[in-house]
Amino acid sequence: MDVVVPWRELEALIEPFYPKAGNGRQPVGLSIMLRVYFLQQWFNLSDPGAEDALYESPVLRRFAGVDLAAPQHPTRPRFFASAVCWSSTNCAAKFWTR
């Protein structure tokens, strides 16, 4: 999927809306969150389902860049709010029609 999906371009589109460090917990990296979001779409996973899949599958962890030794924080809802905002502005449609 690294060859097919333009990760850097997608991250550049989302980055202005992604939570910044400073207020509260340190947010999970944008790259990880974007890849987990794609896994959820591809495999029809809920938030808890994605978490379970990442614990169970080393392949999915490697794809998402998740290290289970590092602490994970529940910042997903803020990311998804940003993703909804991003998709509602029709950025996704503009991006994919280029």
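Numbering of residues begins at 1 and proceeds along the displayed sequence.
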| remark: Across all chains, not counting sequence neighbours, the side-chain hydrogen bond (donor to acceptor under 3.5 Å, both in side chains) partners of S31 are E11
| query | Are R61 and E56 within salt-bridge range, i.e. N to O under 4.0 Å? | reply | no
| message | Under the side-chain contact (heavy atoms from CB on, under 4.5 Å) test against L34, which residue among L39, L13, I14 passes? | response | I14
| query | After noting the C-alpha distance and the side-chain angles of E51 and L45, does the key distance pass the side-chain contact (heavy atoms from CB on, under 4.5 Å) rule? | reply | CA-CA 9 Å; E51 185 176 359; L45 298 170; over 6 Å; no
| request: Starting from the C-alpha separation in whole Å, work towards a yes-or-no answer on side-chain contact (heavy atoms from CB on, under 4.5 Å) for Y37 and L10. | output: CA-CA 12 Å; Y37 177 77; L10 286 171; over 6 Å; no
| Can you list the residues that meet the ring pair (Phe, Tyr, Trp, His ring centres under 6.0 Å) rule with F63, with sequence neighbours excluded? | W7, W42
| message | Tell me every residue that passes side chain to side chain contact (heavy atoms under 4.5 Å, CB included) with V59, counting only those two or more places apart in sequence or in another chain. | response | S57, R62
| query | Which atom names give the shortest non-hydrogen contact between L60 and A53, and what distance separates them? | reply | CD1-CB, 3.7 Å
| query | Would V28 and Y18 count as a side-chain contact (heavy atoms from CB on, under 4.5 Å) if you check the C-alpha gap in whole Å, the side-chain angles of each, and the deciding distance to 0.1 Å? | reply | CA-CA 10 Å; V28 173; Y18 195 70; 4.2 Å; yes
